[in-house]
Amino acid sequence: MSLPPNVALHPDRPDELAAGATALRDGRVADAIAAYDRALERLSPDGYPEQRGAALLARGLAHQLLGDQPKATADVLAALNAWSLARADWASSAMSDLAAALSGAGNGAADAYWQAALRLAERSGDVVLQAAVAGEWGRHAARAGEAVTAVALLEKSAELGRRAGDDGIVAKALVNLARVELDAGRGGHAMRNIGEALARDQRGDLSAATAGLLIDVAAGAFHSGDTAHAELCLEQALSLSGSDRQIRERTLAALSGLARARNDYAVAARYGEELLDSARRSGDLTVAAEALHDLGRIGLAAGAFEDASHRLTESVVIARSLGLDPLAASGSRALAEVAIQRGALLRALGYAEQAVTLSMGQDDLEACAVTLLLVGAEAGRAGLDDVARPANEGAAEIYRLLDRDDLAQVLTGGSPLPQDAGQARTDRLEAGLEAARSLIDPTRPGEPR
C-alpha cells in the first residue's frame with residue numbers, strides 16, 4: 001500500500017518548475033535541466049528570489065547527477081545567494097521538493113536536502129510547515145525501509161501537528177507511523193495510532209489507507225488465533241471502505257474467509273455474494289472467478305452440492321479463459337470433491353486429471369495427488385477398479401515427479417497383491433492418502449484437521 005503524502009507544497013510556482021521536478025523524479029535529467037533553463041529565462045534576476053533559488057538549486061542537482069561538478073557548484077552557490085533574500089518557508093518547501101525527487105531516484109544525498117528543508121522550516125517559525133516536512137521525510141524514509149528514521153520523523157510530525165492544532169497533518173503522520181509499526185510486528189502500537197488517526201480524520205481523507213491497515217491488522221490477529229479481534233478490524237475496515245472498490249472487495253473476501261474458518265457458512269456465503277455482485281458490476285472477471293470459486297467451496301463444505309457445482313464450473317470457465325491456471329486447477333479439484341460426494345466417481349476422476357494438467361507448482365501438484373487418492377479410495381470401496389487404478393497410478397506418478405518415491409511406493413506396493421486384491425488396493429490407497437495428507441498438513445495421524 002502506498003503511504004499518503006503529508007504535504008502539497010506551494011502551488012504558486014511556475015509550471016516549468018513543476019515540470020522540472022517531475023522530470024527529475026522520473027530520472028529524465030536532461031529534460032529537467034531544460035525545464036529549469038526555461039524557468040530561469042522567465043524569472044527576473046531582480047525579483048522572485050524564491051523561484052530563482054529553487055530553479056538554480058534544482059538545476060545544480062541535475063548537473064551533479066550528470067557528473068558536471070563545476071556547473072553544479074555554480075548553480076548551488078547562485079541558489080544560496082538568491083535565497084538569502086527569500087522567505088525561509090518557501091525555501092524549505094522547494095528544498096523538500098528536491099529531496100523528494102532524490103528519494104524517488106534512490107539517491108543517498110536526499111537526506112542532506114531533507115535536513116536542510118527541516119532547518120529552513122524551523123527558521124521560518126511555521127510549526128505546520130515543520131510538521132509537514134518532517135512527515136514527508138518520514139514517509140519517504142518508510143518507503144526506503146529505514147524504519148528507525150521513519151518512526152522518529154513521523155512521531156515528530158505528529159507532535160508538531162498536535163502543537164499547531166492541525167488534525168490533518170497529525171492523522172497523516174499517524175497512519176504512516178501505523179504502517180511502519182505494523183510492518184515491524186508492533187500491532188498494538190499500530191492500532192493505537194490508527195484509533196487516533198480515525199478520530200482526527202474529520203473529512204475522511206484517509207479512510208481507504210486506514211481500512212487497508214485494518215485489513216492487515218486483522219490478518220495478523222487471525223494468524224495469532226485472535227479471530228474476534230480480526231473480525232472487529234474487518235468490520236471497521238468495511239465501514240471505512242466507502243467507494244474504494246478494491247479495499248471493499250479485499251475486506252469482503254477476508255470476512256467471508258473468516259466466517260468459513262469458523263464453519264459459519266451462511267455468513268461466509270453472504271459476504272461472498274456481496275463480493276461477487278461487486279465484481280460483476282465493475283466487470284472484474286478475475287475477482288468474479290475468485291468469488292465464484294470461494295462460494296463453490298463454501299457450498300461444498302455446507303453440503304449444497306448442486307450450487308457448489310454450478311459456482312465452481314463457472315469459476316473454472318472464467319479462470320481458463322483468463323489464463324488463471326492455478327485458480328482453474330483449484331476449482332477442478334473442488335469439482336472432483338463435489339462429484340465424489342454425489343457418487344459420480346468417473347466424473348470425479350476426469351476433474352482430478354484436468355486439475356493435474358492445469359497445475360504448475362509443487363503445492364498444486366501435491367493437492368492434485370491428494371484429490372486423485374480421494375477418488376481412488378472411494379472407487380476402491382465401490383469396487384470400481386477401472387476408476388481406482390488410474391487414480392492411484394496418477395497420484396503415484398505425481399509423487400515420482402516430485403521425488404517422493406516413498407509415497408509412490410506406498411501406492412504401488414512392492415510385492416504381489418493377496419487374494420483379496422480389491423480390499424488390499426483400497427487399504428493401500430487409504431494409506432497413501434494419509435501419507436499425502438501428512439505431507440501437506442503435518443498433523444499427527446488420526447488428529448482432526
Side-chain angles (χ1 to χ4, degrees), residues 296-297 299-301 303-306 308-310 312-313 316 320 325-326 328-449:
R297 286 282 187 184
L300 173 60
F305 302 129
E306 186 68 31
S309 178
H310 172 74
L312 290 165
T313 299
V316 170
R320 296 194 71 172
D325 288 350
S330 180
S332 297
R333 290 192 296 269
L335 281 167
E337 293 182 49
V338 172
I340 290 172
Q341 295 297 327
R342 301 169 85 173
L345 298 177
L346 183 59
R347 179 175 295 181
L349 177 61
Y351 284 130
E353 291 174 338
Q354 174 178 281
V356 174
T357 66
L358 292 166
S359 296
M360 300 171 66
Q362 178 174 339
D363 290 345
D364 265 351
L365 286 171
E366 287 173 352
C368 288
V370 171
T371 303
L372 284 165
L373 290 172
L374 282 171
V375 174
E378 290 298 325
R381 276 191 283 270
L384 299 175
D385 192 58
D386 56 338
V387 175
R389 185 184 302 107
N392 180 33
E393 291 172 350
E397 181 61 27
I398 289 174
Y399 289 124
R400 290 191 192 97
L401 288 172
L402 297 175
D403 294 325
R404 291 305 307 264
D405 292 335
D406 53 335
L407 290 176
Q409 183 68 20
V410 170
L411 296 174
T412 57
S415 58
L417 292 176
Q419 185 174 4
D420 188 0
Q423 183 60 43
R425 182 176 291 110
T426 299
D427 292 344
R428 186 176 296 150
L429 282 166
E430 291 180 340
L433 179 59
E434 183 60 39
R437 278 177 169 158
S438 69
L439 180 69
I440 296 174
D441 184 15
T443 56
R444 292 183 306 172
E447 281 192 349
R449 295 182 63 198

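Scope of the values below: all heavy atoms of this structure, side chains included, with no hydrogens, waters or symmetry mates. Quick caveat, the model's predicted, so the values are computed rather than measured.
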Closest approach of G380 to A388 (non-hydrogen atoms, all atoms of both residues):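 It is N-CB, 3.9 Å.
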Check D385 against P390 and note the closest heavy-atom contact, atom names and distance.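 In this case the closest contact between D385 and P390 is O-CD, 4.1 Å.
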Compare all side-chain heavy atoms of [X] with those of [Y] and state whether any distance is below 4.5 angstrom.
| X | Y | answer |
| --- | --- | --- |
| L365 | L401 | no |
| V370 | R333 | no |
| R320 | L358 | yes |

Inter-residue atom distance [X].[atom1] - [Y].[atom2], 0.5 Å rounding:
| X | Y | atom1 | atom2 | answer |
| --- | --- | --- | --- | --- |
| D363 | C368 | CG | SG | 11.0 Å |
| E366 | T371 | CD | OG1 | 12.0 Å |
| L300 | L312 | CG | CG | 7.5 Å |

Does T313 use its side chain to pair, donor to acceptor, with the backbone of S309 at less than 3.5 Å?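 The answer is yes, because a donor-acceptor pair under 3.5 Å joins these two groups.
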Validation: residues 340-357 side-chain donor-acceptor distances under 3.5 Å, sequence neighbours left out:
residue : atom : partner : partner atom : Å
R342    : NH2  : E306    : OE1          : 2.6
Q354    : NE2  : S332    : OG           : 2.7
T357    : OG1  : Q354    : O            : 2.7

Check this for me, if you would: do E337 and R297 make a salt bridge, where the nitrogen-to-carboxylate-oxygen distance has to be below 4.0 angstrom?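 Looking at R297 together with E337, the answer is yes, because their closest N to O distance falls below 4.0 Å.
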